[in-house]
Amino acid sequence: MDNSYVKKSFVLQIEGRYLQWDVIAQRDNGFLVMSHEIMYHVSYGATNRWKDCFVRNYLQDVWMRPIREALELKNVDSSALLYYQTESATDRIFILSKDEHTEWKQNIPPKSGAYWLRTSYGHLHTPYAWVVSQDGRHMGEPVSNASIGIVPVIFLAEDAIRDLCP
């Protein structure tokens with residue numbers, strides 16, 4: 001697999017907006033691609049469990065169709081959007097865990113504000129989840145905080161990255 005695509009970026013038109021995506025890591029048969037910008041600011045939900053949180057459901061319900069359509073506009077078959085196994089679920093769109101963010105931090109451009117990670121902060125029964133602050137530090141925030149952003153990540157096949165990153 002060609003690792004030279006890490007740190008490259010491409011643009012997708014999603015619902016009339018041109019959004020930049022950054023290739024942040026190579027994994028198995030594809031690449032993890034992260035939104036360059038914070039998409040929305042929302043609360044994590046009523047729980048800090050990724051499998052059951054509002055952010056996960058929001059990404060699956062609201063963002064999957066526009067991302068598939070945006071890939072097709074670039075002549076990338078939607079089958080290039082691969083499933084990614086998280087700790088408790090298998091998703092096509094997700095947010096990074098604290099460990100993943102730590103591992104690939106050098107490949108992630110700074111964001112305009114704080115954004116959620118999918119890792120619970122403390123015990124699963126505490127109402128906190130990890131976030132990345134604007135200066136790149138990890139910290140815990142209440143899951144009810146609606147001023148924290150979502151930075152989606154998708155897992156794309158190597159062929160798709162070759163087509164998207166000239």
Does [Y] offer a backbone N or O that forms a donor-acceptor pair with the side chain of [X] under 3.5 Å?
X    : Y    : value
N145 : S147 : yes
E100 : S97  : yes
S133 : R137 : yes
K111 : P109 : yes
K7   : D22  : no
N107 : I24  : yes

Which atoms form the tightest heavy-atom contact between [X] and [Y], and what is the distance?
X    : Y    : value
F155 : Y83  : CD2-O, 3.5 Å
S35  : W21  : N-CE3, 3.4 Å
A89  : R56  : CB-NH2, 3.5 Å
S43  : S144 : CB-O, 3.6 Å
R118 : I95  : NH1-O, 2.7 Å
A114 : I38  : O-CD1, 3.6 Å

[X] [atom1] to [Y] [atom2] distance, which is reported to the nearest 0.5 Å:
X   : Y    : atom1 : atom2 : answer
K74 : D163 : NZ    : CG    : 10.5 Å
E69 : L12  : CD    : CG    : 12.0 Å
D52 : T47  : CG    : OG1   : 5.5 Å
N57 : K51  : CG    : NZ    : 11.5 Å

Who pairs with [X] by ring pair (Phe, Tyr, Trp, His ring centres under 6.0 Å), at least two apart in sequence or on another chain?
X    : answer
Y128 : none
W50  : none
W104 : none

- Message: I161 and side chain to side chain contact (heavy atoms under 4.5 Å, CB included): which single residue from V76, V6, L156 fits?
- Response: L156
- Kindly indicate, with the supporting measurements, whether the criterion side chain to side chain contact (heavy atoms under 4.5 Å, CB included) is fulfilled by L117 and V132. CA-CA 7 Å; L117 296 173; V132 177; 3.6 Å; yes
- Task: May I ask you to check whether over 12 heavy atoms, not counting those of K105, lie within 6.0 Å of atom NZ?
- Result: yes
- Query: Can you check whether Y84 and F94 have ring centres sitting under 6.0 Å from each other?
  - Reply: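 Close enough - the centres of the two rings lie under 6.0 Å apart.
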- Start with the C-alpha gap between V55 and V42, add the side-chain angles, then the distance that decides, and say whether side chain to side chain contact (heavy atoms under 4.5 Å, CB included) holds. CA-CA 8 Å; V55 169; V42 296; 4.1 Å; yes
- Determine, step by step, whether Q26 and L32 satisfy the side chain to side chain contact (heavy atoms under 4.5 Å, CB included) criterion, reporting the C-alpha distance in whole Å, the side-chain angles of both residues, the deciding distance to 0.1 Å, and the verdict. CA-CA 6 Å; Q26 175 186 341; L32 289 171; over 6 Å; no
Contact between [X] and [Y] at the side-chain level, heavy atoms closer than 4.5 Å - yes or no?
X    : Y    : value
R65  : E15  : yes
M34  : I108 : yes
H41  : I148 : no
I154 : I67  : yes
I14  : L19  : yes
H36  : S9   : no

- Which of these, H101, Q134, E37, sits in a side-chain hydrogen bond (donor to acceptor under 3.5 Å, both in side chains) with Y115?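 Exactly one pass, corresponding to H101.
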- Do I93 and L73 belong together in a cluster built from hydrophobic side chains that touch within less than 4.5 Å?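 Cluster IDs for I93 and L73 differ.
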- With hydrophobic residues grouped by side-chain heavy-atom distances under 4.5 Å, do L71 and V62 end up in a single group?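 Same cluster: L71 reaches V62 through Ile, Leu, Val, Met, Phe, Trp or Tyr contacts under 4.5 Å.
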- Message: Salt bridge or not between R27 and E158? Use side-chain N to carboxylate O under 4.0 Å.
- Response: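 No.
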- Note on the structure: Only residue of Y44, W116, W130 satisfying ring pair (Phe, Tyr, Trp, His ring centres under 6.0 Å) with Y121 is W130
- Task: Check the pair S120 / R49 against side chain to side chain contact (heavy atoms under 4.5 Å, CB included), numbers first and verdict last.
- Result: CA-CA 6 Å; S120 60; R49 295 175 57 119; over 6 Å; no
